Amino acid sequence: MLDPQLLRTALDTTAEKLAHRGYALPMEEWQKLEAERKTIQVETEALQNQRTTISKSIGQAKSQGQDIQPLLDEVAQMGEQLEDSKSRLKEILQAMEGITLYTPNLAHESVPVGQDENDNVVIRSWGTPKAFDFPVKDHVALGEVQRGLDAESAANLSGSRFTLLTGEVAQMHRALAQLMLDLHTTQHGYQEYYVPYMVNAATMQGSGQLPKFADDAFITEDERYLIPTAEVPLTNLVADTILEQAELPVLMTAHTPCFRREAGSYGKDTKGMIRQHQFDKVEMVQIVHPDESYAALEAMTGHAEAVLQALELPYQVMVLCTGDMGFSAAKTYDIEVWLPAQNTYREISSCSNCTDFQARRMQARFRAPDVKKPQLVHTLNGSGLAVGRALIAVMENYQNADGSINVPTALQPYMGGKTVINLAS
RNA sequence: GGAGAGAUGGCAGAGCGGUUGAAUGCACCGGUCUUGAAAACCGGCAUACGUUAAUAGCGUAUCCAGGGUUCGAAUCCCUGUCUCUCCGCCA
């Protein structure tokens, strides 16, 4: 949620900034509502004040044994007017909330203005794609050779966009998640969490998934949502709390499955396990002082990169343009890993500074020693990394001509010292 | 799943439907005293929104949440959520 003051005092420039993100702020409607809100709210509060005053004097008169009938008559007239005024105010406030809850965050000034993913900008790259002297297989083919990746069985069990992993491929998937968690907890200062995979609507709204993106989430019969990312439960841990400044920053990480409807992505990445309804991810979340959030974004992006460097996988870092950023983000870096079979870089991590946008929705604040008023914290989240895609990247980048797969050095301790997966022989 | 109890300020804990934003204690902050500290004493100590130049005043809201009764609700009624105790079941 944006600062409502911004919409009152700087409506034009705010609307312009939002337009860069492809969001058209309904300015006229907003201004009309705001003008009416002002009048009605002042009126309602004045009426409320009058009634309270009279009610109190009724109490006094009664205790002194005086006749209260004249006072009752006086207040009787006000009742209806107050009710009307109240309900009108409620309508207006709801209508205004209907606008603010659907309005995305403002982009940071350093974010390039652009339409879509074609306008994202490469910031840096790391590593050199390996030159193969044989035709490379994609992860689907490699999975077949290793008898470890089975889309058909998963489809029989569940439908499309699910994957079944077996044997050493499943083990490597698990090993990757372990490596990531260990790296973040021992090297980067994050505390590990185990979190609920189902959350309520208020939690989904706090981090920005609801109400606008309800179609993207799976919902249970009792109206709980399967988490689309651990960002949702982790970030909401500070909802409705006031932290001491000394407690900041809070660094949290969790390995969870993520569930996404992928509505609107029909026909995209239908082959293989690039885009699934269920995938594992190690997530990083930071709760920081507002002055620190952009430095924290750089650091967090580095934490995600560290995983790829440990796995010795070539990648590039992109800054997303205004038109391609997520709803809650003010600035986002995507990290793309090299996939030789696709001969391109594919997203494996996304790190965002959400500034005070989620904090305002959740009422997550901190108290500075010298400032009386609690202030909103800034929140960040980043994948570190998507485990399924990391598995794909390792399989494809570490493949041999016979379809066997070398185990990256960093991963070997997590796989009982195995140096190669080779079920083909 | 069955039976019962409960939810009040940072914490503990009062609160016959009437001037209660809410007693009291602890914690915390400031002061007096002290060489310093402790103790004692004095004072202060919520959040949001509105109005406003104002982080000044004033107003409104908030005693789990949402409805209702009433001139008036922390207090009464209904629904929901959560917590605790006992029984059952269970990884």
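Everything numeric in this text was worked out from a predicted model, so none of it was measured. Only heavy atoms go into these numbers, but all of them, side chains included; no hydrogens, no water, no symmetry mates. Labels below follow one simple rule: chain letters A, B, ... track the order of the sequence lines, proteins then strands, and each chain is numbered from 1.
Checking A:E45 against A:K373, the closest nucleotide of RNA chain B that is more toward the 5' end is the one next to A:K373. Taking for each of A:R224 and A:Q363 the nucleotide of RNA chain B with the nearest heavy atom, the 5'-most of the two is the partner of A:Q363.
The nearest pair of heavy atoms linking A:A304 to A:S383 is CB-O, 3.5 Å.
Applying the ring-ring contact (aromatic ring centres under 6.0 Å, His included) test to residues at least two apart or on different chains, the pairs with a partner in residues 58-108 of chain A are A:H108-A:Y294. Applying the salt bridge (Lys or Arg N to Asp or Glu O under 4.0 Å) test to pairs two or more places apart or on separate chains, those with a residue in residues 158-171 of chain A are A:E168-A:K418. Here salt bridge (Lys or Arg N to Asp or Glu O under 4.0 Å) pairs that include residues 254-271 of chain A, with residues two or more places apart or in two chains, are A:D138-A:K271, A:E262-A:R275, A:D269-A:R275, A:D269-A:R346. Residue pairs meeting the ring-ring contact (aromatic ring centres under 6.0 Å, His included) criterion with at least one partner in residues 190-216 of chain A, sequence neighbours excluded, are A:H184-A:Y190, A:Y190-A:H303, A:Y194-A:Y197, A:F213-A:F327. Residue pairs satisfying the salt bridge (Lys or Arg N to Asp or Glu O under 4.0 Å) criterion with at least one member in residues 289-303 of chain A, sequence neighbours excluded, are absent.
Taking a pair as Watson-Crick or G-U wobble with both distances under 3.5 Å, RNA chain B forms stems of 3 or more consecutive pairs at B:1-7 with B:81-87, B:10-12 with B:24-26, B:28-32 with B:40-44, B:46-51 with B:57-62, B:64-68 with B:76-80.
Under the 6.0 Å cut-off for aromatic ring centres, A:F162 and A:H277 qualify, their centroids lying closer than that.
Not counting sequence neighbours, the partners of A:E244 by the side chain to side chain contact (heavy atoms under 4.5 Å, CB included) test are A:E247, A:R367. Partners of A:D119 under the side chain to side chain contact (heavy atoms under 4.5 Å, CB included) rule, at least two apart in sequence or in another chain, are A:Q115, A:D116, A:C321. Partners of A:A296 by side chain to side chain contact (heavy atoms under 4.5 Å, CB included), not counting sequence neighbours, listed by chain and number: A:Q286, A:V288, A:L380.
One C1' atom belongs to B:G6, the other to B:G13, and the distance between them is 14 Å to the nearest Å. When the P atom is used for both B:U81 and B:A65, the distance is 16 Å, rounded to whole Å. B:A39 and B:A22 have their C1' atoms separated by 31 Å, with the value rounded to a whole Å. Comparing B:U83 with B:C64, their C1' atoms sit 11 Å apart, to the nearest whole Å. As rounded to the nearest Å, B:G68 and B:U62 have P atoms that lie 14 Å from one another. Nucleotides B:A12 and B:C28 have their C1' atoms positioned 15 Å apart, rounded to a whole Å.
Across all strands shown, A:L72 has heavy atoms under 4.0 Å from base atoms, whether or not it also approaches the sugar-phosphate. Backbone-only engagement by A:R367 is indicated by non-hydrogen atom pairs under 4.0 Å involving sugar-phosphate atoms exclusively.
Scanning RNA chain B 5' to 3' for nucleotides with an atom closer than 4.0 angstrom to a non-hydrogen atom of chain A gives a first and last hit of B:G18 to B:G72.
If you check residues 33-41 of chain A against RNA chain B, the residues with a heavy atom closer than 4.0 Å are A:R37, A:K38, A:Q41, listed by number.
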Atom pairs and distances, side-chain donor-acceptor, residues 404-411 of chain A, under 3.5 Å, sequence neighbours left out:
from, atom 1, to, atom 2, distance (Å)
A:S404, OG, A:N400, ND2, 2.9
A:S404, OG, A:D402, OD1, 2.6
A:N406, OD1, A:N400, ND2, 2.9
A:N406, ND2, A:N400, OD1, 3.3

